[in-house]
Amino acid sequence: MPELPEVETVKRSLKKRVLNRKIASVEIFYPNLVKSDLPLFSEKLKDQTIKDIKRRGKFLIFCLNDGYLLSHLRMEGKYFMLPQAEAKMKHEHLRLNFSDGMSLRYHDVRKFGTMHYKEQHELFTSEPLNKLGFEYDDPALTPQRIYDKIKPSQRSLKSVLLDQTIITGIGNIYADEICFCLKKHPAYKVSKITKKTVEKMLSCMQATLNKAITLGGSSVRTYKDTLGFHGRFQNELNVHLQAGKPCPLCQSPIEKITVSNRGTYLCRHCQKKR
DNA sequence: ATAAACGCCTGGCGGC
DNA sequence: TGCCGCCAGGCGTTTA
């Protein structure tokens with residue numbers, strides 16, 4: 001599943017290929033993908049040039065001359081750059097045809113991905129970006145602010161890490177890895193957390209995400225290469241998808257359990273509930 | 001107010 | 001080999 005490091009990698013890869021290309025036409029094969037007004041979506045994108053691509057949490061933001069195309073890859077969304085003459089792919093749901101004969105194909109087996117068109121004035125003040133919490137490297141993301149926000153709640157550490165309204169960009173893979181780095185059980189109740197632990201949680205998060213970005217993200221079953229992208233962080237995973245393998249710290253076997261209704265990997269010996 | 005449960009989707013996989 | 005049912009899970013919506 002593409003999370004922040006994968007989306008950041010896709011963003012960098014896309015920037016090399018689509019910047020300054022002009023959209024001549026838009027083809028939509030699966031209309032449910034588009035969550036804003038459908039006729040307006042195609043109409044607004046047409047004849048615009050992609051000036052920049054940014055990222056906010058797990059969203060890609062295609063910056064146009066006027067307005068923005070938002071894209072969320074959810075579980076399996078991918079982009080492919082192909083000549084327009086190439087046949088439609090099996091799970092291709094949307095295509096941007098550029099004026100130079102190339103085309104950007106959006107491919108998504110499970111159709112969970114979403115797209116929106118947004119005007120400048122509403123980009124950050126409307127759904128879906130208005131609900132997002134801190135970017136992982138935002139200087140305003142301080143231990144005190146996160147402590148104040150999470151301390152009163154009865155939630156588990158993992159559900160807090162997955163909550164996009166607190167810090168945005170973390171998904172199931174990195175939540176497990178951050179819990180391991182912090183040496184806390186994913187079901188650890190954050191009502192017990194200390195400010196010092198929050199501080200450590202933030203540094204674990206930043207270290208984990210930065211390392212993953214450096215390595216081009218993780219290529220796992222639900223997320224393989226696109227646009228020539230091959231992540232290498234999957235080789236660095238300490239616990240996620242490692243059930244039965246020895247813990248890198250103590251050699252006891254990694255376990256798989258369910259926390260927050262999600263498959264969760266941990267070392268019960270190294271990661272404490274208190 | 002908060003949190004758990006559900007629905008959206010399809011392919012891969014284990015079991016028989 | 002082939003079929004069936006379960007599982008993966010981000011996130012918006014619904015329910016408790």
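This one's a predicted model, so the numbers in the text were calculated from it and none came from an experiment. Every chain is numbered from 1 and lettered A, B, ... according to where its sequence line falls, protein lines coming before strand lines.
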Rounded to the nearest angstrom, tell me the gap between atom [atom1] in [X] and atom [atom2] in [N].
X      : N      : atom1 : atom2 : result
A:L241 : B:dC13 : CG    : P     : 13 Å
A:R56  : C:dC11 : CZ    : C1'   : 16 Å
A:K58  : C:dG10 : NZ    : P     : 6 Å
A:L4   : C:dC11 : CG    : P     : 11 Å
A:R155 : B:dT2  : CZ    : P     : 9 Å
A:K35  : C:dC11 : NZ    : P     : 14 Å
A:L162 : C:dC11 : CG    : C1'   : 11 Å
A:L132 : C:dG10 : CG    : P     : 15 Å

Residues that A:C247 engages under disulfide (SG to SG under 2.5 Å), provided they are two or more places apart: none

Axial bend angle, the helix from B:dT2-C:dA16 to B:dC16-C:dG2: five-pair end segments, nearest 10°: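 Roughly 60°, once rounded to the nearest ten degrees.
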
Check [Y] with [X], please: is the shortest side-chain N to carboxylate O separation under 4.0 Å?
X      : Y      : value
A:E199 : A:K196 : no
A:E3   : A:K58  : no
A:E119 : A:K44  : yes
A:R95  : A:E92  : yes

Linked hydrophobic residues, A:F29 as query - side chain contacts closer than 4.5 Å: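 Traced through the cluster, A:F29 reaches no other member.
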
Sugar-phosphate, base or nothing in reach of A:K256, heavy atoms under 4.0 Å: sugar-phosphate

Sugar-phosphate, base or nothing in reach of A:E127, heavy atoms under 4.0 Å: nothing

Heavy-atom closest pair, residues A:L73 and A:D108: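 The answer is O-OD2, 4.3 Å.
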
Step-by-step salt bridge (charged side-chain N to carboxylate O under 4.0 Å, His left out) determination, A:D100 to A:K22: CA-CA 8 Å; A:D100 61 359; A:K22 185 179 174 185; over 6 Å; no

Reference residue A:Y79; test side chain to side chain contact (heavy atoms under 4.5 Å, CB included); the match among A:L94, A:L104, A:L96: A:L104

Side-chain N,O (A:H72) to OP1/OP2 (C:dC11) below 4.0 Å: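 It does, given that an N or O in the side chain of A:H72 lies less than 4.0 Å from OP1 or OP2 of C:dC11.
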
Any A:Q154 side-chain nitrogen or oxygen under 4.0 Å from OP1 or OP2 of B:dT2: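 For B:dT2, OP1/OP2 do not have a side-chain N/O of A:Q154 under 4.0 Å.
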
Sorted by number, the residues of residues 260-268 of chain A with heavy-atom contact under 4.0 Å to DNA chain C: A:R262, A:G263

Which atom pairs link the protein and nucleotides 7-10 of chain B when you take only N or O atoms and keep those under 3.5 Å?
from, atom 1, to, atom 2, distance (Å)
B:dC9, OP1, A:Y30, OH, 2.6
B:dC9, O5', A:Y30, OH, 3.3
B:dC9, O2, A:R110, NE, 3.2
B:dT10, OP1, A:K111, NZ, 3.0

List the atom pairs, with distances to 0.1 Å, where a side-chain N or O of residues 60-70 of chain A and a protein N or O form a donor-acceptor pair under 3.5 Å, not counting sequence neighbours.
from, atom 1, to, atom 2, distance (Å)
A:N65, OD1, A:T49, N, 2.5
A:Y68, OH, A:Q120, NE2, 3.3

Ring center gap for A:F180 and A:Y174 short of 6.0 angstrom: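 No, the ring centres sit 6.0 Å or more apart.
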
